[in-house]
Amino acid sequence: MTTPLITADLVAVDLVATDRDDATRQLIDLLAAAGRVTDADGFHADVRAREAQMATGMPGGIGLPHARSAHVTVPSLAVGKVPGGVDFGAPDGPATLVFLIAAPDSGDSAHLQILAALARRLVHESFRTSLKDAPDAATVAEIVTREVVPA
């Protein structure tokens, strides 16, 4: 049995963040608490390095920070709902949904498949709305699993 990409403990439904770095760090802490990241600081440095190459904001209020890292044990997705929004460099303003994709350094292209599947769903307003309207972390994890994770 493989480890699920996302579980309720990897979802923050009411994330309050000062900036993208803070939002990312809070999601990394969820991954670390779940044993999916061995070194939160090391993974954060990897995500920051990736973010420095190109902003990961998408239209529709989406932040998609991601990195491959030696500090990640299994492909994982952490999600934050940020009612106040946080700037991820998207052309249309702050992100209210942040998806942190964490992939092992030694992994295959799994994180690219996750990124592609997620991006394909995120262009649909109905998908974004269903996540924003989800009442709790378990519902967010269930929606993402149903819509993004290959069967």
Side-chain angles (χ1 to χ4, degrees), residues 1-17 19-34 36-37 43-44 46-69 72-105 107-151:
M1 160 118 185
T2 56
T3 304
L5 179 68
I6 183 172
T7 53
D9 60 341
L10 300 180
V11 179
V13 291
D14 204 9
L15 194 67
V16 176
D19 57 26
R20 74 174 117 187
D21 209 46
D22 181 32
T24 302
R25 183 58 199 231
Q26 291 184 56
L27 294 176
I28 290 170
D29 289 345
L30 295 179
L31 293 169
R36 292 169 180 245
V37 169
F43 181 53
H44 197 200
D46 292 339
V47 173
R48 276 202 306 257
R50 173 65 191 80
E51 193 76 26
Q53 294 173 4
M54 189 175 95
T56 55
M58 284 180 55
I62 305 299
L64 269 179
H66 55 279
R68 287 175 72 150
S69 173
V72 176
T73 59
V74 292
S76 302
L77 178 65
V79 178
K81 290 169 49 167
V82 191
V86 65
D87 182 15
F88 269 86
D92 64 344
T96 53
L97 287 171
V98 179
F99 300 85
L100 173 61
I101 299 172
D105 213 8
D108 52 14
S109 60
H111 82 290
L112 293 175
Q113 293 166 354
I114 295 163
L115 193 58
L118 189 56
R120 280 194 299 274
R121 295 306 300 142
L122 287 170
V123 297
H124 298 284
E125 187 175 352
S126 58
F127 177 66
R128 297 191 310 265
T129 300
S130 69
L131 293 174
K132 289 176 186 175
D133 292 347
D136 54 41
T139 304
V140 171
E142 188 271 323
I143 291 168
V144 171
T145 298
R146 182 181 69 230
E147 298 283 344
V148 175
V149 179

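This chain uses plain numbering: 1 for the first residue, then up along the sequence.
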_Any side-chain donor near an acceptor of the partner, Asp21 and Thr24, under 3.5 Å_ = no

*Which atoms form the tightest heavy-atom contact between Phe43 and Ser69, and what is the distance?*
CD1-CB, 3.4 Å

*Kindly indicate, with the supporting measurements, whether the criterion side-chain contact (heavy atoms from CB on, under 4.5 Å) is fulfilled by Lys81 and Leu97.*
CA-CA 5 Å; Lys81 290 169 49 167; Leu97 287 171; 3.7 Å; yes

*First locate atom OG1 of Thr96, then atom CG of Leu15, and finally report the distance between them rounded to the nearest 0.5 Å.*
11.5 Å

*Mind listing the closest non-hydrogen atom pair of Pro104 and Pro75 along with its distance?*
CD-N, 3.6 Å

*Can you find a heavy atom in the side chain of Thr73 that is under 4.5 Å from one in the side chain of Thr3?*
no

*side-chain contact (heavy atoms from CB on, under 4.5 Å) assessment of Ile143 paired with Phe127*: CA-CA 8 Å; Ile143 291 168; Phe127 177 66; 3.8 Å; yes

*So how far is it from Leu100 CG to His44 NE2, rounded to the nearest 0.5 Å?*
9.0 Å

*What closest approach, in Å, do Ala102 and Leu31 show between heavy atoms, and which atom pair accounts for it?*
CB-CD1, 3.8 Å

Quick one: side chains of residues 52-60, donor-acceptor pairs under 3.5 Å with protein atoms, not counting sequence neighbours, listed by atom name and distance.
| unit_1 | atom_1 | unit_2 | atom_2 | d |
| --- | --- | --- | --- | --- |
| Thr56 | OG1 | Glu51 | OE1 | 2.7 |
| Thr56 | OG1 | Glu51 | OE2 | 2.9 |

_Given Val98, which partner from the list Val82, Ile62, Val79 fulfils the side chain to side chain contact (heavy atoms under 4.5 Å, CB included) test?_
Val82

_Interatomic spacing from CZ in Arg25 to CG in Asp19 - rounded to 0.5 Å_ = 13.0 Å

*Closest heavy-atom contact between Arg128 and Leu122?*
NH1-O, 2.7 Å

Donor-acceptor pairs under 3.5 Å, side chain of residues 4-14 to any protein atom, not counting sequence neighbours: which ones?
| unit_1 | atom_1 | unit_2 | atom_2 | d |
| --- | --- | --- | --- | --- |
| Thr7 | OG1 | Asp9 | OD1 | 2.2 |

*For the atom pair NE2 (His124) and OG (Ser130), what is the distance rounded to the nearest 0.5 Å?*
11.5 Å

*Does Arg50 pair with Asp46 as a salt bridge, N-O distance under 4.0 Å?*
no

*Minimum heavy-atom separation for Val148 to Ile114, with atom names?*
CG1-O, 4.2 Å

*Of the non-hydrogen atoms in Ala17 and Asp22, which two are nearest, and what is the gap between them?*
CA-OD2, 3.1 Å

